[in-house]
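For reference, the structure is listed below as structure tokens.
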Amino acid sequence: MTDAPTITAAAGAVDATKVYGSGDSEVRALDGVTVQFEAGKFTAIMGPSGSGKSTLMHSLAGLDGLTSGSVYIGSTALASLKDKELTELRRREVGFIFQAYNLIPTLSAEENIRLPLLLGNSKGDEAWINRVIDTVGLRDRLKHRPSELSGGQQQRVAVARALASKPTIIFADEPTGNLDSRTGAEILSFMRLAVNELGQTIVMVTHDPVAAAYSDRVIFLADGRIVDELQNPTAADVLDRMKRFGD
Amino acid sequence: MFRIALKNVLARKGRLLLTALAVIASCAFLSGVFVFSDTVNASIDRMFSMAYEKTDAFVRSSNVIEGDFGVDTRGRLSDTMVAKVAAVPGVSEAAGDIQGFARIATAAGKPLGIDGPPKYGGVLTDSPSTPWKIAEGKVPQGATEVAIDRRSAKEGKIKLGDSVTITAKNGAQPFTVVAIVTFGSQDTSGGATWALFDLNTAEEFVVGEPGKIDSVIVRGDGSVSDTQLKANIAKALEGETVQVLTGAEITAETQNAVAKFFNLFSTVLTIFAAIALLVGSFVIYNVFRITSAQRKQESALMRAIGASRGQVVRSLFVEAGVVGIVGAVLGFLGGIVLASLILSLLAAVGSGPSDTKLTISPTSFVITFIVGFLVTILCATLPAIRAGRVPPLAALRDVSIDRSGLSRRRIIAGAILMIVAVIGTVLGLNSSAVWLAPGVGALFAALIALGPIAVGPTTRLLQRPLSALRGVTGEIAVRNAARSPERTALTAAALGIGLALLVAVATLGSSLQGSIRQTIGEQFTGNFAISTGDGQGFGGLPTTLTDQLNELPEVSDAAGLGIAQIRVVEKGTPKARGVITLDPKHVVGLFNFEFTQGGWDALNNTTILVSKDKADRDGLTVGSELSVSFLDDSTQTIKVAGIFDNKTFGNFIVDRALFDGRGVSLFDVQIFALTKAGVSEAKAAAAIKAVTDKYPTAKLQSRGEFVQAQVDQVSGILNFVYALLLMSVFIAVLGIVLTLLLAVFERRRELGLMRAIGMTRGQVRGSIRWEAIVTAVLGALMGTGLGVALGWIVVRALKPQGFTVFSVSPGSILSFAIAAVIFAIVAAWWPARKAAKSDILAAISTT
Ligand SMILES: Nc1ncnc2c1ncn2[C@@H]1O[C@H](COP(=O)(O)OP(=O)(O)O)[C@@H](O)[C@H]1O
Ligand SMILES: [Mg+2]
């Protein structure tokens with residue numbers, strides 16, 4: 001559990017601890033988490049509400065600092081970075097898919113997809129972007145504004161955006177939480193596809209055992225600690241484990 | 001319901017203050033003007049109550065000609081009157097006093113005193129009734145001694161025993177300073193300069209007529225009341241053309257006269273504060289629009305749980321009421337701070353009252369409060385009604401794109417207003433000027449109606465260069481500016497109105513300058529002009545200067561122009577009229593203007609020249625007779641000798657000899673000179689300079705310099721008006737700050753999102769800054785268009801008053817536009833900072 005980071009890990013945390021408040025009201029959102037996310041793999045993080053899933057993801061993505069311990073993306077330790085370097089790292093190395101409000105309402109679907117690249121003033125890999133757009137099936141919706149897209153289409157744009165800059169790792173926080181099960185399944189298939197065919201690394205926080213079943217590996221969190229993990233899970237396996245932790 | 005609404009407002013003090021900021025600023029300017037005016041008025045009162053504090057009665061000539069702005073010219077008294085008054089029972093002391101023009105200059109020739117306040121010559125005695133206190137030295141005696149006020153002494157670094165040159169009616173002469181005096185505890189009275197002599201010297205030198213004084217200052221022996229004293233004196237002087245006043249009466253009169261002049265200035269200030277309030281009302285309205293739109297969900301929720309439409313509307317009015325009250329009260333306090341800042345600033349540069357004890361009257365509070373409160377409620381009305389229309393099941397969308405700006409109704413309304421504006425203007429310029437008011441009003445309204453429609457094209461225009469220049473940051477800025485056109489347009493319109501007035505004033509100014517250049521260029525055909533930097537209407541250059549110039553062999557003619565007041569009987573009643581005085585023997589070749597009848601030749605001390613306008617109005621022709629009267633009560637019938645077609649010379653021109661022996665101190669305000677044929681201009685200039693050097697106040701200018709100086713005078717006025725319009729621009733800029741802040745608040749989620757996916761803080765700041773710039777550019781475009789249109793209308797309307805040239809000043813317009821952009825960048829600073837600090841995690845968390 002305390003292995004040093006290896007080359008194959010896209011991201012990881014070593015003894016990550018995050019404490020909110022102090023004294024009586026102290027909450028240990030993360031309590032010494034050490035974990036690695038292998039490149040080219042789809043990892044799901046599960047756990048009851050309040051177990052620290054989002055906190056872990058936010059610290060891994062450089063959106064929030066730790067109280068102690070360290071996180072790294074690729075071979076870069078995030079703690080040493082200034083805000084600007086951290087931002088640029090997120091732009092280049094990290095893709096995000098959130099539960100909702102993923103898109104900038106004033107920009108078209110295509111502009112939203114290219115936004116991280118545009119922000120970095122880089123052209124990106126045009127062939128790759130085209131492939132991503134085709135993979136998520138958005139070719140005929142590129143000029144639409146987010147308000148003109150359905151919830152599922154919006155999430156597909158978000159997936160495409162996360163993929164567009166060929167990031168080292170993609171973080172998804174309940175990406176299907178706001179979707180009906182059919183549209184959710186569609187999004188999850190795209191994510192699976194991105195890992196299998198495009199070689200991406202994805203870390204996804206989810207509540208849903210069916211969603212977790214799309215992953216290669218499930219990590220279970222409880223009270224800010226990793227309590228278990230599963231390789232190549234099925235929905236039934238996951239449900240079984242969840243029952244054990246009393247979600 | 002009322003209590004819930006009130007609680008709701010007070011729970012969010014930050015937003016309340018933000019909403020109130022525009023009200024605060026608008027009210028601060030208004031109350032600032034009030035407090036400033038009241039304070040200056042009170043200090044004027046204090047100062048002039050001091051001048052006659054120890055005076056029990058005051059005797060002066062009853063012969064007076066009312067001038068403009070309450071500046072009357074009054075006849076003089078014989079100094080034998082002093083002895084007559086002294087003999088009246090109840091009088092313990094009577095002293096002759098003089099208050100004429102005298103300008104002090106240092107030995108090196110530097111004239112003292114600031115522009116505006118008068119430069120007085122008077123009398124200093126050792127009588128206990130004088131308001132003057134000798135700080136150093138002794139009472140002046142004889143023809144070479146003078147006492148000067150301490151302000152002038154400080155300005156010119158003058159010490160006792162120094163020599164100064166003083167210019168008054170009788171020319172320019174050297175004097176020795178034997179005393180430095182203070183007015184009570186102040187360095188001088190009313191910012192004026194004072195040169196004080198003994199009575200005989202003042203008669204001789206300041207009045208220019210030995211034996212003449214302006215007034216008799218009387219001190220009673222305490223045996224009778226002031227009213228009784230006045231009656232005693234009046235009885236003793238029966239039959240003389242004198243007027244007797246008590247000390248209290250002359251004090252009140254002086255206070256009123258100065259206050260009247262100052263009130264004119266306060267009125268101007270108030271008008272500009274009102275313009276700022278108008279601009280402010282745009283900002284206030286916009287702020288209410290935005291906040292009530294942002295609370296759409298809250299309003300919908302209230303409706304859903306059973307609040308009636310009226311209750312929703314009322315709760316918004318409660319908020320507006322609180323904003324109005326808080327804004328007006330804080331604004332009033334802000335105005336006090338503003339007024340005291342300006343007063344200390346003025347005191348620091350040496351003008352304005354030196355005792356700056358603030359006078360805060362209840363009236364100014366009441367007016368500020370009522371105006372601020374009503375404007376706020378009025379601005380909140382439409383947004384409140386709109387909030388009431390929110391259906392209970394309003395979509396709980398997070399951010400909606402406001403498309404209210406683009407309705408057909410708006411285009412139609414704008415077009416109609418535009419047509420009204422054109423019709424009003426055409427009618428106004430061609431038939432009656434009253435049509436201009438609705439015309440110009442409709443023009444402004446059209447701007448406001450059509451503004452949102454202009455947002456689309458303008459932003460599209462800016463999109464390309466901006467995204468080329470700033471990449472996606474610029475792109476996002478442009479999109480954000482365009483996302484709620486009405487909001488952006490209102491913010492831009494507030495700035496646009498401020499800029500429009502600036503541009504209109506600049507256009508007016510440059511047209512006036514062009515007209516001056518043209519008119520003076522055509523009409524003044526001499527080579528030289530001798531001016532005094534100051535003293536229009538009061539004092540000027542001694543006429544002896546003109547006479548000396550005419551004696552020079554290098555000069556063919558020198559015409560000195562003065563201004564005087566006479567009474568002219570028109571339609572049976574005597575009317576006070578200003579006339580231009582000159583010496584008709586010396587005008588040849590100096591002025592080029594047409595006479596429709598008669599000419600210079602027949603002008604002498606029994607005739608008068610009348611302008612064509614006046615002659616047409618009153619049916620005068622050459623040979624018509626006019627009955628005129630003078631300050632010494634003498635009357636004379638004079639004949640019209642010519643009718644001239646010119647607007648710069650007023651309505652009447654007379655020979656200055658007409659005033660000989662009538663107790664009037666004539667000065668020349670302006671002298672024009674023509675070189676004798678065959679004499680080089682350089683040689684003539686040297687000869688003239690040798691004469692003018694003896695008069696420190698005289699400024700010799702070539703023709704070109706003179707024309708330029710007239711043009712520059714306009715610039716001075718323009719700068720003053722620009723400074724006043726800055727109030728409006730300030731509020732418009734505040735409008736940008738508020739709209740952006742509210743937008744940042746509204747977009748906190750997408751800002752957080754953009755930060756998460758890789759937008760740096762710098763890029764966030766940049767996008768906000770560029771959004772502000774886009775708004776400013778829009779405002780500048782509106783302002784320029786409207787301003788030039790407005791300027792054109794006014795110039796056309798004033799054509800008969802001498803605006804012969806219409807000229808736009810591209811330099812000024814460009815600098816206003818650049819200033820607007822710079823202000824916008826400054827305005828964006830705070831919102832940009834807030835946006836850059838936006839909390840990423842809060843933005844992306846769903847709960
Ligand atoms: N900003 C915060 N301040 C205080 N406590 C927080 C904050 N964010 C999260 N927490 C607490 O940390 C714990 C973990 O939260 P979170 O990571 O959001 O859990 P999960 O995503 O698994 O539901 C919870 O107990 C939560 O209440
Ligand atoms: Mg969570």
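Order of the sequence lines fixes the chain letters, A, B, ..., with proteins taken first and strands second; residue numbering starts at 1 for each chain. No hydrogens, no waters, no symmetry mates; every other heavy atom, side chains included, goes into these values. Bear in mind that the values here come from a model prediction, so they are computed numbers and not experimental data.
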* For residues B:I476 and A:L115, determine if any side-chain heavy atom of one lies less than 4.5 Å from a side-chain heavy atom of the other. => yes

* By a 4.5 Å heavy-atom criterion (distance strictly below it), what part of A:L103 contacts chain B: side chain, backbone, both, or neither? -> backbone

* So which of A:L107, A:V94, A:L86 has the largest heavy-atom pair count under 4.5 angstrom toward chain B? -> A:L107

* Asked: For A:D223, does the CG atom have more than 12 heavy-atom neighbours from other residues, nucleotides or ligands under 6.0 Å away?
  -> no

* Taking NZ, NE, NH1 and NH2 as the nitrogens, is one of them in A:D83 or B:K837 under 4.0 Å from a carboxylate oxygen of the other? -> no

* Indicate whether any N or O donor in one side chain lies under 3.5 Å from an N or O acceptor in the other, for A:T87 and B:R761. => no

* Is atom CZ of A:R92 surrounded by more than 12 heavy atoms (other residues, nucleotides or ligands) closer than 6.0 Å? -> yes

* Asked: Roughly how far, to the nearest 0.5 Å, is the OG1 atom of A:T106 from the CD atom of B:E750?
  -> 5.5 Å

* Asked: Closest heavy-atom contact between A:N102 and B:L753?
  -> O-CD2, 2.8 Å

* **Part of A:R161 lying under 4.5 Å from any heavy atom of chain B** => side chain

* Is there side-chain contact between B:M759 and A:I104, with at least one heavy-atom pair below 4.5 Å? -> no

* To do: For residues B:Q763 and A:R91, determine if any side-chain heavy atom of one lies less than 4.5 Å from a side-chain heavy atom of the other.
  => yes

* Structure fact -> Scanning both residues in full, the closest heavy-atom pair of B:A756 with A:F96 reads O-CE1, 3.1 Å

* **A:R90 side-chain N/O to B:G758 backbone N/O, donor-acceptor pair under 3.5 Å** => no

* Which distance, rounded to the nearest 0.5 Å, do you find between the CG of A:D64 and the CG of B:L841? -> 4.5 Å

* Asked: Where is the tightest heavy-atom contact between A:P105 and B:R483, given as atom of each residue plus distance?
  -> CG-NH2, 3.5 Å

* To do: Please look at B:T473 and chain A and tell me whether the side chain, the backbone, both or neither of the residue comes under 4.5 angstrom of a heavy atom of that chain.
  => neither

* Asked: If you count the non-hydrogen atoms of other residues, nucleotides and ligands that lie under 6.0 Å from CH2 in B:W830, is the total more than 12?
  -> no

